[in-house]
Amino acid sequence: QAQLVESGGGLVQPGGSLRLSCAASGFTFSLYAMSWHRQAPGKERELVAIVPMAGITRYADSVKGRFTISRDNARNTMYLQMNSLKPEDTAVYYCNAKPRNPEVSGYHDYWGQGTQVTVSS
């Protein structure tokens, strides 16, 4: 019954902004490291940003300074604010939840269905 649902993707112009959301349900959200990944056609899936707990963030070099990841544990939601978007940001963006302590939370690693982000000039 665990579920991650991404939303907020779409078509934007280079330099534009987009805010992605990942709504979680069916598990104890606050105990999971949350992250955004993306996959462009013909490329490997890559980590974009991770927020293992509130206030702790890390970013891929390609998005650092442009993207901001955050989480609202009260709303069981993770966000990705994307600014100064570039065509190379075009990809399907996936939400991931991984237990910080699998021995207490279990070993289930959850993925959302993905949301398409297209940055076109």
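- Figure legend: Arg45 and Tyr94 shown as a cation-pi pair, the cationic atom lying under 6.0 angstrom from the six-membered ring centre and within 45 degrees of its axis.
- There is a side-chain donor-acceptor pair under 3.5 Å between Asn83 and Ser17.
- Side chain of Arg66 to backbone of Met82: no donor-acceptor contact under 3.5 angstrom is found.
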Can Leu11 and Ser120 be said to form a side chain to side chain contact (heavy atoms under 4.5 Å, CB included), step by step? CA-CA 7 Å; Leu11 175 65; Ser120 64; 3.2 Å; yes

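- Side-chain atoms of Asn96 come within 3.5 Å of backbone N or O of Tyr110 as a donor-acceptor pair.
- Here the straight-line distance linking atom OH of Tyr79 with atom CG of Asp72 works out to 5.0 Å at 0.5 Å rounding.
- Between Met78 and Cys95, the shortest heavy-atom distance links the atoms CE-SG, 3.4 Å.
- Side-chain contact of Thr90 with Glu88: a donor-acceptor pair under 3.5 Å is absent, judged by distance alone.
- In this structure, CG in Leu31 is found 9.0 Å from CG in Asn73, a value given to the nearest 0.5 Å.
- Taking both residues in full, the closest heavy atoms of Leu18 and Gly8 are given as CG-O, 3.3 Å, listed atom of the first, atom of the second, then distance.
- Counting only distance, with no hydrogens or angles, the side chain of Tyr59 and the backbone of Ile69 share a donor-acceptor pair below 3.5 Å.
- Residue-environment remark: CZ (Arg75) stays at or below the threshold of 12 foreign heavy atoms within 6.0 Å.
- Atom CD1 of residue Ile56 and atom CD1 of residue Ile50 lie 11.0 Å apart, to the nearest 0.5 angstrom.
- The minimum heavy-atom distance between Val92 and Gly114, with the atom names listed, is CG1-CA, 3.8 Å.
- For the atom pair Arg38 CZ and Phe67 CZ, the distance stands at 5.5 Å (nearest 0.5 Å).
- With hydrogens and angles disregarded, a donor-acceptor distance shorter than 3.5 Å links the side chain of Gln113 to the backbone of Glu6.
- Heavy atoms only, all atoms of each residue included: Pro99 and Ser105 are closest at CB-CB, 3.7 Å.
- Around CZ of Arg19, the count of heavy atoms belonging to other residues, nucleotides or ligands within 6.0 Å exceeds 12.
- Across all their heavy atoms, Val5 and Gln3 have their closest contact at CG2-NE2, 3.3 Å.
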For Thr77 and Cys22: C-alpha separation, side-chain torsions, deciding distance, then whether side chain to side chain contact (heavy atoms under 4.5 Å, CB included) applies. CA-CA 5 Å; Thr77 304; Cys22 171; 5.7 Å; no

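- Side-chain atoms of His37 and Ser35, non-hydrogen and from C-beta on, do get closer than 4.5 Å to each other.
- Shortest non-hydrogen contact noted between Ala91 and Ala40 is CB-N, 3.8 Å.
- Here OH of Tyr93 is found 10.5 Å from OG1 of Thr115. Values are rounded to the nearest 0.5 Å.
- Relative ring orientation between Phe29 and Phe27 is described as tilted, the plane-to-plane angle lying within the 30° to 60° band.
- If you take CE on Met34 and CZ on Arg71, they are separated by 6.0 Å, rounding to the nearest 0.5 Å.
- Here the side chains of Ser25 and Asn76 are not in contact, with every heavy-atom distance at 4.5 Å or above.
- No more than 12 heavy-atom neighbours from other residues, nucleotides or ligands sit within 6.0 angstrom of CD on Gln13.
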